[in-house]
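Below, chains carry the letters A, B, ... as their sequence lines are ordered, and counting in each starts from 1. Worth knowing before you read on, the calculation uses all heavy atoms, side chains too, and leaves out hydrogens, waters and symmetry mates.
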Amino acid sequence: MAARYDLEGQLKKDIDAPVILFENVSKEYQQGTPALKNINIEIRKGEFVFIVGSSGSGKSTLIKLMLKEVKPTSGKIYVAGKQLSRLKRWNVSKYRRKLGVVFQDFRLLPDRTVFENVAFAQRVIETPTRKIQKDTPRMLALVGLSEKMKSYPKELSGGEQQRVALARALVNNPVILLADEPTGNLDPKNSWEIMRLLEEINRRGTTVVVVTHNREIVDEMQKRVITVRNGIIVSDQKGGYAYAKNQYSNI
Amino acid sequence: MPRISTVIYSIKQGIKSLKRNRMFSVASIATMTACLFLFGIFYFLLSNLSHAIKNAETNVGVTVFFEEGISDAQIIAIGEEITLRAEVAYITFVSAEEAWERYKETSLNPEQIASFGEDNPLENSASYEVYLSDVSMQEVLVRYITSLEGVRQVNDSQEVANALNMVNRIVSIMTTIITGILIAVAVFLISTTISTGVSTRKQELSIMKLIGATDFFIKAPFFVEGLLLGMFGAILPLLGLYGIYHKIADFVSEKYASVFGTGMSLLGSAHVFARLIPICFAIGIGIGVLGTWLTLNRQLKKLN
């Protein structure tokens, strides 16, 4: 992989170290139906990766495994230098601070303003108030919502709400940004705005993993695409959804 | 150590949650108030009863009569032996003349007295009155004194002592049972309040978990909530009890002072409340924290 440079023109360090590594990971839920079968994934620092697949393919389980919301039935998962199965329960919260997460349904707190929603992420990890006062407006400026700091989520459009969610996910400088269907509830225009933001965030050095089934976006952006079908990775290459789908359409 | 801003945040969130689940908060506080109020009433009963028993104990005595023809020296020797016993508080000698005078005063009318003329029918009834420091030792003491040479008869007041102890025990048991039931109800209600709090804040809590909030950060507001419920549940009944105790004390001293003389009065409120206040707070806060603790881990595990 060619050396990459960040905005200041400095060489990104450790560009080749995997920040996410799945080794022979399988996951069976209690009903006994396997959600994932023998998965191997390696994602390097600074990568932008799409995980695609139809609903029920197991792609959301991948996100849940990375967040340590569920445990794998077998195999090992390393994220940001931690082997997740060795992570003690009381260290899970510290681990999760290295990840930023956004969801299809935004998951904002309806009774708090935009500012408070973003500040909440910092409050929760006990950031000093002074730093919160500085970081939160900066992050809201990045997602273009400086004007809406005092608004409540219900006063915003879907795209704006997702941008608040992004600001919240990013305010603590995560190593990895996980986005689970981030454009699922958005129209094409807003979807593209979110994707541009994700690209910008990635350009600044954060590893971005996007779970989606928005074919148009995946095709257009020409990033690495991991295709999951029935719990198996059927394709992992740079290119588009269509490419992956065509090649494995007989599976 | 948590940051001060975190502590403030937890307290604010706890209060907010109390307000949000107003119905359950009020129900919990009301139950706890009822619980501690009843406990307080029984505590009044119990502490005054044991006070009365202590008083009564010092008035419960054993009367020792001597064999006929015993010498004064022998009587003195018996008195000395009794005084040596550890359970004896003090001992007084009642001569035959004194005994007769007392009997005349308390039990006979002038006609009856006149019929005896100069005779003293209680000539052989000089006695010691022995007072105990511990009524429960009465039986042992009576056995000992009976065994002494020169002692004819020992009259005890075991029945009075037994009755007092019995009442004391019944009230204690009732207090324990009733308070126990009420505490269980209060703990249950607080658990319900907290689990309602968890479910109404489900979304917030799962977001908190996802963005790396520590268990302490997530749980602290709920403990604040439980603690506040417990404190309110202790303060309210204490205020009520304080008012009522004064009313009762006034009533008793007015109504019964003339009947029982100065002997009948309740313990001072300072004395009673010096103990009741910390007990109520300990129970209230204990219930609040226990109720929270019992339900919180279970509820939070459900989140993920």
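- In this structure, no portion of Asn91(A) lies under 4.5 Å from any heavy atom of chain B.
- A donor-acceptor pair is defined here as one N or O able to donate and one able to accept, closer than 3.5 Å; no such pair exists between the side chain of Asn202(A) and the backbone of Leu198(A).
- Looking at Arg123(A), the atoms closer than 4.5 Å to chain B (heavy atoms on both sides) sit in the backbone and in the side chain alike.
- With a threshold of 4.5 angstrom between heavy atoms, Thr214(B) approaches chain A through its backbone and through its side chain.
- Between the CG atom in Leu210(B) and the NZ atom in Lys68(A) there is a gap of 14.0 Å [rounded to 0.5 Å].
- Under a cutoff of 6.0 Å and an axis angle of 45°, Lys82(A) and Tyr78(A) do not form a cation-pi pair.
- Only the side chain of Phe103(A) comes within less than 4.5 Å of a heavy atom in chain B; its backbone stays farther off.
- A salt bridge is defined here as a Lys NZ or Arg NE, NH1 or NH2 lying under 4.0 Å from an Asp or Glu carboxylate O, and Lys209(B) with Glu69(A) fails to meet this definition.
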